[in-house]
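Computed from a prediction, not measured in an experiment: that's the story for all the values here. Along the sequence shown, residues carry numbers from 1.
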Amino acid sequence: MENKEHTLVTRLVGSLVSYMRRFLFRVLSVGPVPNHLAFILDGNRRYAKKWNLGEGMGHRAGFLALMTLMKYCYELGVKYVTIYAFSIDNFRRRPDEVQYVMDLMLEKIEGLLKEESIVNQYGVKVLFIGNLKLLHEPVRIAAEKAMKATSNNNQSILLICVAYTPTDEIVHSAQECCDEIRSSMKVNEEKDVKSDLIKLGDIERHMYMGVAPDVDILVRTSGETRLSNFLLWQTTDCLLYSPKALWPEIGLRHIVWGVLNFQRIYPYLEKRRKKQL
């Protein structure tokens, strides 16, 4: 009897909290809602150390925080969510740590495809961004499977940056532009391609992140304000928000505060963007 009452109270409280959150989001939507949020997931290892958790448990706690945050973003009406999951530089970490993250990534990619996952609940298209050839083969295959399985979803888009750095992205884009010009002009490989044939739009079109608009808010947890080689091209005119919370500690209040700050400086951001057109 007590268990049934406890379950009923839990459901009622959950429903009330959900209603209040949706009401809050409706109030926020009166102002401009960011179209693209990007996150640097900083603090997983420090969180595990802070709470004396086992090795790797910080990353698992961080994944749960990510699922909750994605839910908030999609309820608010954010179309694009980008996360910095694993950079090319991270491959320099201890081999056992890299292997653990790869194994965890494989597990969570497979979890995203489950029927009850947030991907299916919110019609999310999943895109993996970066030099995927550098990933361990099982992870790369799982990533390709996830992209194919969600390719028809169009309500929201989740971009997962793995084996990614913007310096690699820019070099990749420049190479693609040169290859495209050589192919279209049918020039000899030994002949130089004139630099003025490559336009800004061409560079942006061949970017890994060319599938999404520029970022509106870049969130880096742990109070850090460094970009750490992430989306250097796409964050020239965005709000940089650095809450002190470690990544697994981030919650609703941080998202609300970030959106409020975005709305406060929105006229300035729009003015800068229009000047660049």
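Of the inter-residue distances, the one linking Thr150 atom OG1 with Leu112 atom CG reads 9.0 Å to the nearest 0.5 angstrom. Atom CD1 of Ile40 is separated from atom CD of Glu224 by 9.5 Å, given to the nearest 0.5 angstrom. Note that the CG atom of Leu218 and the CG atom of Leu227 stand 6.0 Å from one another [nearest 0.5 Å]. Remark: Ile129 CD1 to Ile83 CD1 distance equals 11.0 Å, nearest 0.5 Å. In this structure, Arg253 CZ and Trp257 CH2 are separated by 12.5 Å, a value rounded to the nearest 0.5 Å. In this structure, Leu53 CG and His59 NE2 are separated by 12.0 Å, a value rounded to the nearest 0.5 Å.
Glu180 is linked by a side-chain hydrogen bond (donor to acceptor under 3.5 Å, both in side chains) to Arg205, His206, counting only residues two or more places apart in sequence or in another chain. With sequence neighbours excluded, the residues satisfying side chain to side chain contact (heavy atoms under 4.5 Å, CB included) with Lys50 are Leu246, Glu249.
Membership of the apolar cluster around Tyr100 extends to Leu104, as traced through chained side-chain contacts below 4.5 Å between ILVMFWY residues.
At least one donor-acceptor pair under 3.5 Å links the side chain of Thr68 to the backbone N or O of Leu64. Judged by distance alone, with hydrogens and angles left aside, the side-chain atoms of Ser29 form a donor-acceptor pair with the main-chain N or O of Arg26 at under 3.5 Å. Side chain of Ser156 to main chain of Val124: no donor-acceptor pair is present (N/O by atom type, distance under 3.5 Å, no hydrogens or angles). Looking only at distances, no side-chain donor or acceptor of Thr165 sits under 3.5 Å from a matching main-chain atom of Ser87. Using modelled atom types, no side-chain atom of Asn261 and backbone atom of Gly258 make a donor-acceptor pair closer than 3.5 Å. With hydrogens and angles disregarded, no donor-acceptor distance shorter than 3.5 Å links the side chain of Lys79 to the backbone of Ile157. Without hydrogens or angle criteria, Ser173 side chain to Glu169 main chain gives no donor-acceptor distance under 3.5 Å.
Contact of the Val33 side chain with the Leu28 side chain is not registered, since no non-hydrogen atoms from C-beta on lie closer than 4.5 Å. Counting heavy atoms from C-beta outward, Tyr74 and Gln155 have side chains that stay 4.5 Å or more apart. Between Glu204 and Met209, every side-chain heavy-atom pair lies at or beyond the 4.5 Å cut-off.
A salt bridge is absent between Arg273 and Asp237: the closest approach of a Lys/Arg side-chain nitrogen to an acidic carboxylate oxygen does not fall below 4.0 angstrom. A salt bridge does not link Arg93 to Asp89: none of the charged nitrogens lies less than 4.0 Å from a carboxylate oxygen. In this structure, Arg60 pairs ionically with Glu107, as a charged nitrogen and a carboxylate oxygen lie closer than 4.0 Å. Between Glu144 and Arg140 there is a salt bridge, with a side-chain nitrogen of the basic residue lying less than 4.0 Å from a carboxylate oxygen of the acidic one. Here Arg45 pairs with Glu97 in a salt bridge; the nearest charged N to carboxylate O distance falls below 4.0 Å.
Cluster membership check: Val259 shares its hydrophobic cluster with Tyr268, using side-chain heavy-atom separations under 4.5 Å among Ile, Leu, Val, Met, Phe, Trp and Tyr. Hydrophobic clustering (ILVMFWY, side-chain heavy atoms < 4.5 Å, transitive): Leu41 and Leu252 are in one cluster. Following chains of ILVMFWY side-chain contacts shorter than 4.5 Å, one cannot reach Ile141 starting from Ile160, and the two form parts of different hydrophobic clusters. Residues Val171 and Tyr164 do not share a hydrophobic cluster, clusters being chains of Ile/Leu/Val/Met/Phe/Trp/Tyr side chains in contact below 4.5 Å. In the hydrophobic clustering of this structure, Met105 does not group with Met57; members are Ile, Leu, Val, Met, Phe, Trp, Tyr whose side-chain heavy atoms approach within less than 4.5 Å, directly or through other members.
The nearest pair of heavy atoms linking Gly43 to Pro248 is O-CD, 4.1 Å. Among all heavy-atom pairs drawn from His254 and Pro243, the shortest one is CD2-CB, 3.7 Å. Minimum interatomic distance between Pro166 and Asn229 (heavy atoms only, all atoms of both residues): CD-O, 2.6 Å. Closest non-hydrogen pair, Trp233 versus Ile203, comes out as CH2-CG2, 3.5 Å. Of all non-hydrogen atoms in Thr221 and Ala245, the two that sit nearest each other are CB-O, 3.1 Å. The shortest non-hydrogen separation linking Cys238 to Val215 is CB-O, 3.0 Å.
Gln175 and Asp179 share no donor-acceptor pair across their side chains, judged by distance under 3.5 Å alone. Counted by atom type alone, Tyr122 and Glu75 present one or more donor-acceptor pairs between their side chains at under 3.5 Å.
Atom CE of Met20 is surrounded by 12 or fewer heavy atoms from other residues, nucleotides or ligands within 6.0 Å. Atom CZ of Phe91 is surrounded by more than 12 heavy atoms from other residues, nucleotides or ligands within 6.0 Å. Few gaps surround CG on Asp96; more than 12 heavy atoms of other groups in view lie less than 6.0 Å from it.
The aromatic rings of Tyr266 and Phe262 sit perpendicular to each other, their planes meeting at more than 60°, with 30° as the lower class boundary.
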Evaluate the side chain to side chain contact (heavy atoms under 4.5 Å, CB included) criterion for residues Ser222 and Lys244: first the C-alpha distance (whole Å), next the side-chain angles of each, then the deciding distance (0.1 Å), finally the verdict. CA-CA 4 Å; Ser222 303; Lys244 291 184 179 180; over 6 Å; no
* To do: Apply side chain to side chain donor-acceptor pair (under 3.5 Å) to the pair Arg220 and Ser228, showing each step before the final yes or no.
  => CA-CA 10 Å; Arg220 176 166 187 164; Ser228 293; 2.5 Å; yes
| request: Quick one: do Leu134 and Asn131 satisfy side chain to side chain contact (heavy atoms under 4.5 Å, CB included)? Show the steps, please. | output: CA-CA 6 Å; Leu134 298 178; Asn131 190 347; 3.9 Å; yes
Could you walk me through whether Tyr208 and Asp168 pass the side chain to side chain donor-acceptor pair (under 3.5 Å) check?
CA-CA 10 Å; Tyr208 295 135; Asp168 174 74; 3.2 Å; yes
Practice problem: Determine, stepwise, if the pair Val119 / Leu113 fulfils side chain to side chain contact (heavy atoms under 4.5 Å, CB included). | Solution: CA-CA 7 Å; Val119 166; Leu113 298 179; 5.6 Å; no
For Ile109 and Val139, what are the C-alpha separation, side-chain angles and deciding distance, and is it a side chain to side chain contact (heavy atoms under 4.5 Å, CB included)?
CA-CA 8 Å; Ile109 292 173; Val139 180; 4.1 Å; yes
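Each of Asp214, Asp216, Thr82 was evaluated against His36; a single residue qualifies, Thr82, per the side-chain hydrogen bond (donor to acceptor under 3.5 Å, both in side chains) test. The only member of Tyr84, Trp247, Tyr80 that meets ring-ring contact (aromatic ring centres under 6.0 Å, His included) when paired with Phe39 is Trp247.
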